[in-house]
Amino acid sequence: MDDSIKSIFSSLTSKATNFFGGEDGDFVVGVDIGSSAIKVVELKKKKGKAMLETYGAISLGPYVQGGEIGQVTNLPAEKIVEALREVLKASEASSNSSAMAIPVQSSLVFGLSLPARLTESEMKSVVPTESRKYIPVPINEVSLDYFVLPTKEPSFVEANNPNVVSGDEIKKDILVVAIQNDAVSKYRSISSQCDLKSSFFELEIFSSIRSNFEHELSLVLLIDLGASKTKLSLVEFGTVKAYHTINRGGADMTDSISKSLSIPFAKAEEYKKEFGLLENPSEKSIPEIIKTHLDYIFSEANTVLLNYEKKYNQTISKVILTGGGASMKGLAEIAMGNFKTEVSIGKPFSKVGSPAFLEKVLLATGPEFAVALGLALRKLQ
Ligand SMILES: Nc1ncnc2c1ncn2[C@@H]1O[C@H](COP(=O)(O)OP(=O)(O)OP(=O)(O)O)[C@@H](O)[C@H]1O
Ligand SMILES: [Mg+2]
């Protein structure tokens, strides 16, 4: 197993702003290479607390011939290196002590149900064998990590009457994360070409959970609205209970606006950010176009929730929206209408100290930086 991702689950439940390890004056930088933009956040430790040093983002669209801001890209490593160097320079991030995110498309996250009697050492051999069914590439091309999900107590009847469960072996649920070794090598190489020393590579959803969660213990749905994909994580007690990717994101909305109004992609992206779902007199159809995509995303999310509810007899108590798309004007109201529960927009920067005059800006741009910030927080611990 690759050491750098071994501790992927390690610090999810710890309080991010309470540091005991490390030295005052430590600087770290978290790097999130998204499909439309690279985001970096640099933190510094002061009196045992995490302070925001600097942050920045760079659009990757313009690194493609004829590409636009907001567009989804699939760039070769040398272009990513170029862009990452640029954003580090522009944001004046000076630390080379860093951590990088692995995007969900380079990984698989799935659940296994295994006999509860298995010991820890038996699990080490059983998990890879069982995982083969779910992984479409040879097992030696991925690094596996797994986590035993806390099970609910057996009911009184089950506990007192062995006949109820006889023939039906007691199981435990395991969450498995498989990351392509190629992806880790690629990001390791990008990192060193930018003079960064990345000590770990973490699946993006875990970074995002770290920075978006405050004290939520009951079941929460975290929705990361990216440019290319929407990522759904069901989280309880800081642990991912289920995960699902939807192949639809902010760039699809911009694309539809651009086609429907016959305007360039760049203009459509501008309109989307300016008006979002709010009524606007100049381009009345924009909210409806965006809603078509949101309807799709929310109906997929509802299906995921329904399946979870059937299996575990548990409903969510809250939805947290994150990723650049979470900054969409009017989104929280629409989401509330769909989920019929508390909905909040993530405030990742509230986990770190920052100058008061930045407060408003950090609140507005926060969701975009959740992954980069979560990485830096873990690195600083
Ligand atoms: N104020 C806003 N209103 C609406 N959409 C916004 C706003 N700000 C950013 N976005 C959208 O958020 C998306 C970018 O978000 P983010 O940076 O999280 O994506 P990414 O990490 O590059 O993509 P992915 O996670 O899918 O790889 C873009 O589609 C962008 O248009
Ligand atoms: Mg992203």
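Start at 1 and go down the list; that is how both ligands and their atoms are numbered.
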Asks: What residues form a ring-ring contact (aromatic ring centres under 6.0 Å, His included) with Tyr243, not counting sequence neighbours?
Replies: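 Scan of Tyr243 (ring-ring contact (aromatic ring centres under 6.0 Å, His included), adjacent residues dropped) gives none.
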Asks: Does either side chain, that of Glu309 or that of Thr315, offer a donor lying less than 3.5 Å from an acceptor on the other one?
Replies: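 There is no such pair between these side chains.
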Asks: Checking side-chain polar atoms at under 3.5 Å, does Asp224 have a donor or acceptor matched by the opposite partner on Thr322?
Replies: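 Absent: no donor and acceptor within the cut-off.
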Asks: Assess the side chains of Thr292 and Glu288: does a donor N or O sit below 3.5 Å from an acceptor N or O?
Replies: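 Side-chain D/A pair, Thr292 to Glu288: absent.
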Asks: Cut-off 3.5 Å, side chains only: do Thr254 and Lys272 have a donor facing an acceptor?
Replies: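 The answer is yes; a qualifying pair exists.
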Asks: Do Thr119 and Glu122 meet the criterion of a side-chain donor-acceptor pair at a distance under 3.5 Å?
Replies: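 Present: a donor and an acceptor within the cut-off.
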Asks: Taking non-hydrogen atoms within less than 4.0 Å of ligand 1, which protein residues qualify?
Replies: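 Contacting ligand 1 under 4.0 Å are Gly34, Ser35, Ser36, Ala37, Lys39, Gly226, Ala227, Ser228, Lys229, Lys231, Gly250, Ala251, Glu269, Lys272, Lys273, Gly323, Gly324, Gly325, Ser327, Met328, Glu368.
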